[in-house]
Amino acid sequence: MHAFFPLLALVLLGCSSIQKTALRGASPLFVNGSEKLILERNWEFFKESSPGNLKFLEMLYLQDTDNLRLLGTLVKSYAGYAYAVPETLAFGDELAGVEGSIHKQNAISLYTRSLDYGLDYLHKKGIQREDLLVKDETELIKMLNQKMGRSDFTAILFLAQSWASLINLQKDNVALVSHVPKVKVLFDWVCKQDHEIEHGVCDIFEAQYEASRPRMLGGNPEKAKDLYQNTIKKYPRHLLIRISYIQFSLLPAFDQEGYENESKLLVEEFAKWEDLNRDNLEDKSEYKAVEHLNLYNAIARKRFELIELNKKKIF
């Protein structure tokens with residue numbers, strides 16, 4: 001399937017009769033299809049099939065660079081794929097002690113592409129790159145309130161995610177790390193408008209932010225733990241939240257007892273989520289009602305496998 005979409009794009013874009021208006025009329029079909037990828041439960045299939053879909057959307061956008069919906073989808077899609085695949089594999093390399101991880105470099109490359117598309121999105125809405133770096137928090141929030149609306153939330157959210165992830169993957173870059181307060185402004189602005197956007201992303205970011213900051217910079221491990229526990233209670237079937245708690249709170253603290261408690265729960269929950277028994281041709285899984293969390297749970301499953309594979313090296 002991943003080879004089909006670029007081929008289709010070449011056919012469509014090579015036809016002189018296909019005008020920009022026709023492409024814009026058809027783009028919601030492809031955008032909506034792309035957004036349904038969140039239902040995918042097979043991490044390997046997502047890994048293999050998504051690049052072709054991404055290039056297809058990118059080729060459509062390059063024929064209609066005023067199409068903000070396509071542009072916003074590219075910001076989200078590149079950020080999502082970077083997080084799901086190369087950053088997940090880079091996490092495994094980090095646990096295994098691999099030097100010069102190619103997966104880390106791939107994640108940085110894809111997050112950079114998402115960031116660049118996000119900056120282009122803001123530019124088209126009247127906010128320049130310099131505004132992000134120079135304006136103080138009050139001025140930046142004022143600009144966001146004046147120039148952005150509900151239809152822009154997703155693009156801003158995933159621009160912020162890509163920016164934050166680039167910082168997290170390059171902590172030795174002091175200039176980049178200094179951007180953290182600006183990233184938080186973007187996240188906080190979106191989450192204040194729509195805290196339930198993207199199924200718990202706001203809660204995950206808030207907890208991860210607290211867990212990742214050193215105490216000397218105001219970090220509070222206990223607050224982070226409470227935030228994670230409250231978020232887990234709020235989204236009990238969102239297993240990536242438990243993995244985030246493990247990754248950013250338990251592993252850095254070498255808390256083996258905490259990890260073992262979480263891992264037992266995860267084994268039980270993954271067994272329920274992976275139950276595809278169709279002996280009566282009906283899906284009776286406890287996770288049937290939360291299929292919109294499938295991709296999150298697939299990422300969680302892969303990261304859990306990598307932690308278990310390297311558990312003896314960690315503890």
Side-chain angles (χ1 to χ4, degrees), residues 31 34-41 43 46 50 72-88 91 107 110-111 114-115 117-118 121-122 141 144 148-169 179-213 223-249 287 290-303:
V31 169
S34 176
E35 292 173 350
K36 293 299 182 183
L37 287 173
I38 200 168
L39 302 177
E40 180 55 56
R41 60 187 301 124
W43 184 87
F46 178 81
S50 293
T73 299
L74 285 172
V75 177
K76 175 181 177 178
S77 297
Y78 272 110
Y81 185 78
Y83 179 83
V85 180
E87 187 178 336
T88 293
F91 174 54
L110 291 171
Y111 277 130
S114 172
L115 176 70
Y117 277 130
Y121 189 102
L122 291 186
I141 290 174
L144 290 168
M148 298 294 172
R150 179 164 292 276
S151 63
D152 305 310
F153 290 171
T154 297
I156 298 171
L157 181 73
F158 284 97
L159 160 62
Q161 183 207 329
S162 292
W163 199 357
S165 296
L166 284 170
I167 294 169
N168 191 49
L169 290 168
H179 297 168
V180 168
K182 300 304 180 72
V183 176
K184 193 169 188 303
V185 169
L186 296 183
F187 262 113
D188 288 349
W189 183 81
V190 174
C191 293
K192 183 179 180 181
Q193 314 293 323
D194 183 3
H195 194 81
E196 302 308 312
I197 190 172
E198 296 295 332
H199 315 297
V201 166
C202 292
D203 295 279
I204 294 173
F205 173 78
E206 186 178 3
Q208 184 178 325
Y209 177 77
E210 290 296 337
S212 300
R213 284 198 303 166
K223 181 180 178 181
K225 182 178 179 179
D226 289 342
L227 285 169
Y228 270 121
Q229 294 304 323
N230 289 335
T231 304
I232 288 169
K233 290 177 182 177
K234 186 177 179 181
Y235 303 99
R237 306 294 191 204
H238 196 322
L239 304 182
L240 189 56
I241 297 171
R242 288 190 179 275
I243 291 296
S244 182
Y245 174 51
I246 290 171
Q247 183 176 347
F248 293 100
S249 283
Y287 280 78
V290 289
E291 288 181 316
H292 57 278
L293 297 178
N294 275 350
L295 184 56
Y296 295 108
N297 290 338
I299 299 168
R301 185 72 181 88
K302 184 64 179 180
R303 293 196 180 197

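Note that these values count all heavy atoms, side chains included, but never hydrogens, waters or copies made by symmetry.
Across Leu295 and Leu37, no two heavy atoms sit closer than the pair CD2-O, 4.0 Å. Of all non-hydrogen atoms in Phe187 and Ala164, the two that sit nearest each other are CE1-CB, 4.3 Å. Looking at every heavy atom in both residues, Glu291 comes nearest to Leu39 through O-CD2, 3.5 Å. Of all heavy-atom pairs between Glu87 and Ser165, the closest is OE1-OG, 4.0 Å. The heavy-atom pair separating Ala224 from Ser249 by the smallest distance is CB-OG, 4.4 Å.
Partners of Phe153 by ring-ring contact (aromatic ring centres under 6.0 Å, His included), not counting sequence neighbours, listed by chain and number: Trp189. Arg301 pairs by the side chain to side chain contact (heavy atoms under 4.5 Å, CB included) definition with Phe270, Trp273, Glu274, Phe304, Glu305, not counting sequence neighbours. With sequence neighbours excluded, the residues forming a salt bridge (charged side-chain N to carboxylate O under 4.0 Å, His left out) with Arg237 are Glu269, Glu286, listed by chain and number. Partners of Asp194 according to the salt bridge (charged side-chain N to carboxylate O under 4.0 Å, His left out) rule, which considers only residues two or more places apart in sequence or in another chain, are Arg150. Qualifying ring-ring contact (aromatic ring centres under 6.0 Å, His included) partners for His292, counting only residues two or more places apart in sequence or in other chains: His199. The salt bridge (charged side-chain N to carboxylate O under 4.0 Å, His left out) search around Glu210 returns Arg213, Lys223, not counting sequence neighbours. Phe91 meets the ring-ring contact (aromatic ring centres under 6.0 Å, His included) test with no other residue; sequence neighbours excluded. Partners of Ala84 by side chain to side chain contact (heavy atoms under 4.5 Å, CB included), not counting sequence neighbours, listed by chain and number: Phe46, Ile299.
Residue pairs meeting the salt bridge (Lys or Arg N to Asp or Glu O under 4.0 Å) criterion with at least one member in residues 152-165, sequence neighbours excluded: Lys125-Asp152. The list of salt bridge (Lys or Arg N to Asp or Glu O under 4.0 Å) pairs with a residue in residues 180-193, not counting sequence neighbours, reads Lys184-Asp188.
Annotation: side chain of Thr231 is not in contact with side chain of Glu206 (no heavy-atom distance under 4.5 Å). Side-chain contact between Glu198 and Lys76 is present, with at least one heavy-atom pair separated by less than 4.5 Å. Considering only heavy atoms from C-beta on, Tyr209 comes within 4.5 Å of Val180 through its side chain.
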What pairs of donor and acceptor atoms, side-chain ones from residues 239-248 against any protein atom, are under 3.5 angstrom apart with sequence neighbours left out?
residue, atom, partner, partner atom, Å
Arg242, NH1, Glu262, OE1, 2.8
Arg242, NH1, Glu262, OE2, 3.3
Ser244, OG, Tyr228, OH, 2.7
Gln247, OE1, Arg303, NH1, 3.0

Side-chain donor-acceptor pairs of residues 156-163 under 3.5 Å, sequence neighbours excluded:
residue, atom, partner, partner atom, Å
Ser162, OG, Ser114, OG, 2.7
Ser162, OG, Phe158, O, 3.1
Trp163, NE1, His179, ND1, 3.3

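Remark: Ile141 CD1 to Leu186 CG distance equals 9.5 Å, nearest 0.5 Å. The distance from atom CD1 of Ile232 to atom CD1 of Ile204, rounded to the nearest 0.5 Å, is 10.0 Å.
Atom NZ of Lys302 has more than 12 neighbouring heavy atoms from other residues, nucleotides or ligands inside a 6.0 Å radius.
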